[in-house]
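Structure first, commentary second.
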Amino acid sequence: MKIYLKIWRQKSPKDKGRFEMYPLDGVSPEMSFLEMLDYLNKTLIKEGKEPVVFESDCREGICGTCGLYINGRPHGNLRKTTTCELYMREFADGETITVEPWRAGAFPVVKDLVVDRHAFEKIMQAGGFITVNAGAAPDANTIPIPRDSFDKAFEAATCIGCGACVAACKNASAMLFVAAKVSHLALLPQGKPEAARRAKAMVAKMDELGFGSCTNTGACEAECPKGISIANIARLNREFLKANLKE
Amino acid sequence: MNKLFASSIGRKLLVALSGMFLILFLVVHLSINLLLIFDDSGALFNKGAHFMATNPMVGVMEPLLAVGFVVHIMYATIVTIRNYRARPNGYLKNLPSANSSWESRNMFVLGGIILFFLILHLNHFFVKMKFTGDPLLTTVIIDGVAMKNSYLLVSSLFKENFWYSIGYMIWAVFLGFHLVHGFWSAFQTVGLNNEVWIQRLQNVSIIYATIIAAGFCIIPLYFIIFF
Ligand code: HEM
Ligand code: SF4
Ligand code: FES
């Protein structure tokens, strides 16, 4: 198939950037979106042009580095899918595909399609952990955990930190990410003692870094490749308010 | 506490709490207004309006309501501006309708429309009833009690000003859209939500918003059709 790629090119964080059109022939429907970009880059290198910079690592939907805004949606048009799990069969022959980096004040563009997502690391460093040394994996069932809490904590823990929630949100809010991290630990006995401090520290960091606030549009949940529920945001609000009422 | 209301969640909390208060107020307001269509002599509505004008509880609630509106509008505006600034560069191609509802993305626009009509509305009724008076606000005696003929003022406007009635109905529909999202969103913001209740609260939102919008629409419709 032949496609037309409209891709954001930006040389450096300071460069103004612009869109460029790349017609690409010989694309196979079996290629993943990233393989298609690899193929484009090969073609560009052959022509002596600068390849398009994008991020990827695992290419199996677990690392969260490959986020791209494709045709107006994070990770493309499929639900619960990362860009690396998206295949060219989702696109029509002759289609123009617009590819943009995540857009958020807290995620500045580094180059082309790569954004700096250190803001997420900083939020994690502010409190997304437990301070005791947990040691090696404990024997199963030494700490009894209710099934319901376990399931919810596990679901929250599947967040891969890709940033699609921020990219999709009209407010560039990081609430779903923070909610997933706070919920994951607040639901488990090991995380409970520090739950209040954690919620406050992570929310404060999130605000400081310039993410917007949540207006419950639900865009994050709809676009999250792991389908993290906005029920976690209600839990974060609860944890945060509880923490503030305590002091 | 100061710190709480300077945080993103704290600011939203104020929008949600004031919004919930306004939600309750709308129920009371609509109930009184509906008295307009159940008695064409106007006695029922006049008694309702007289009760609202003289009851000490209402006297306490009135300034609280004003505070509620001010807090809601002020913090909603702050939140909206800050959220707008969180994305300095937008997308070339964006399909938000694929992941979120129109009303959830346009709460500020909807709020602005509500506010515009609110000011018009206060000007037409509240200011005249409370302060300036109006030739139509004659005194009537109902059950031996002298009171203002609010019914005459309100019903005349609906009967005689067709475009005001149409505008009123459009306003009610916009208010309904604000509430379809606002109702459940407020519960989410104060943390009273979970995996199961999200869907339930969204259903209640639709029911509540429909009752409010339809309820406010029925009144001008009644006067347009029957008078
Ligand atoms: C009787 C009138 C009104 C009622 C019952 C009402 C109710 C609500 C409720 C319940 C919410 C949800 C709060 C949350 O998401 O946590 C909300 C949000 C909002 N309201 Fe109102 N509202 C009214 C009037 C207004 C007016 C006059 C404005 C004018 C600017 C306004 C602007 C907003 C905005 C911008 C939001 C969204 C805030 C956000 O994005 O988080 N509302 N409203
Ligand atoms: S919550 Fe979902 S969309 Fe957001 S970072 Fe985690 S996995 Fe990505
Ligand atoms: S490359 Fe790891 S999730 Fe896509």
Side-chain angles (χ1 to χ4, degrees), chain A residues 6 8 17 19 69-74 77 79 98-100 103-106 108-109 152 155 166-173 175 199-200 203-204 206-207 210-223 229-245 247, chain B residues 1-13 15-17 75-76 78-108 181-199 201-202:
Chain A
K6 195 172 189 177
W8 180 257
F19 282 94
Y69 217 73
I70 302 164
N71 274 349
R73 295 180 64 185
N77 63 328
R79 292 221 157 181
T98 310
V99 192
E100 302 174 67
R103 292 291 189 190
V109 174
K152 286 177 180 158
E155 194 220 86
V166 176
C169 176
K170 84 182 219 313
N171 313 317
S173 167
M175 281 286 276
K200 281 166 88 172
V203 168
M206 167 186 96
D207 287 353
F211 291 102
S213 68
C214 179
T215 57
N216 306 323
T217 67
C220 50
E221 174 185 309
E223 299 294 7
S229 165
I230 54 170
N232 290 298
I233 294 182
R235 185 178 296 104
L236 169 61
N237 288 337
R238 210 153 55 229
E239 291 289 334
F240 181 76
L241 295 175
K242 256 196 312 198
N244 274 278
L245 291 175
E247 52 136 43
Chain B
M1 279 313 224
N2 271 345
K3 256 198 188 151
L4 172 62
F5 295 124
S7 71
S8 60
I9 297 179
R11 283 191 214 103
K12 272 289 318 230
L13 181 70
V15 179
L17 291 176
Y75 276 89
I78 295 174
V79 165
T80 306
I81 292 173
R82 294 182 73 100
N83 285 347
Y84 184 75
R85 286 198 190 137
R87 174 168 292 123
N89 299 311
Y91 295 104
L92 175 73
K93 185 165 181 191
N94 200 10
L95 288 179
S97 56
N99 56 38
S100 52
S101 68
W102 179 84
E103 61 276 12
S104 74
R105 297 191 307 272
N106 290 283
M107 290 297 274
F108 191 65
H181 180 68
F183 186 96
W184 81 270
S185 177
F187 283 87
Q188 172 86 357
T189 302
V190 301
L192 294 175
N193 214 343
N194 62 30
E195 284 80 356
V196 177
W197 275 88
I198 285 179
Q199 191 56 53
L201 283 170
Q202 286 177 343

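Letters A, B, ... are given to chains in the order of the sequence lines, protein chains preceding strands, and every chain is numbered from 1.
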Selection from [options] maximising heavy-atom pairs under 4.5 Å formed with chain B:
options	value
A:Ala219, A:Ala243, A:Ala104, A:Ala222	A:Ala219
A:Glu223, A:Lys242, A:Met175	A:Glu223
A:Arg238, A:Arg103, A:Arg79, A:Lys200	A:Arg103
A:Val203, A:Asn237, A:Asn216	A:Asn216

Could you look at [X] and say if it's the side chain, the backbone, both or neither that has a heavy atom under 4.5 Å from chain B?
X	answer
A:Lys6	side chain
A:Leu241	side chain
A:Thr98	side chain
A:Tyr69	side chain
A:Asn71	both
A:Cys220	neither
A:Ile230	both

- Message: With a 4.5 angstrom heavy-atom cut-off, is it the side chain or the backbone of B:Ile198 that approaches chain A, or both, or neither?
- Response: side chain

- Heavy-atom proximity to chain A below 4.5 Å, by part of B:Tyr84: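 Contact with chain A: none, neither part.
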
For residues [X] and [Y], determine if any side-chain heavy atom of one lies less than 4.5 Å from a side-chain heavy atom of the other.
X	Y	result
A:Glu155	A:Ser229	yes
B:Ser185	A:Thr215	no
A:Phe240	B:Leu4	yes

- Using modelled atom types only, decide if a donor and an acceptor are shared between the side chain of B:Asn194 and the backbone of B:Val196 within a distance under 3.5 Å.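 Yes, the answer is positive, given that a donor and an acceptor are paired below the 3.5 Å cut-off.
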
- Heavy-atom pairs under 4.5 Å with chain A are the metric here; pick the option from B:Leu92, B:Asn89, B:Leu95 that has the most.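 Most heavy-atom pairs within the cutoff with chain A belong to B:Leu92.
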
- Query: What residue in B:Ser8, B:Ser104, B:Ser100 has the most heavy-atom pairs under 4.5 Å with chain A?
  - Reply: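 It is B:Ser8.
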
- Message: A:Glu100: which residues meet the side chain to side chain donor-acceptor pair (under 3.5 Å) condition with it, sequence neighbours left out?
- Response: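 Residues passing side chain to side chain donor-acceptor pair (under 3.5 Å) with A:Glu100: none at all.
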
- Can you list every salt bridge (Lys or Arg N to Asp or Glu O under 4.0 Å) pair that touches residues 181-199 of chain B, not counting sequence neighbours?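 Sorted pair list: A:Lys152-B:Glu195, A:Arg235-B:Glu195.
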
- Please work out whether the ring planes of B:Phe183 and B:Phe187 are parallel, tilted or perpendicular, with thresholds of 30° and 60°. tilted

- Message: Would you say that more than 12 heavy atoms from the other residues, nucleotides or ligands in this model lie under 6.0 Å from the CZ of B:Arg82, or not?
- Response: no

- Query: Can you name the one residue among B:Thr189, B:Ile9, B:Val79, B:Thr80 that meets side chain to side chain contact (heavy atoms under 4.5 Å, CB included) with A:Ser213?
  - Reply: B:Val79

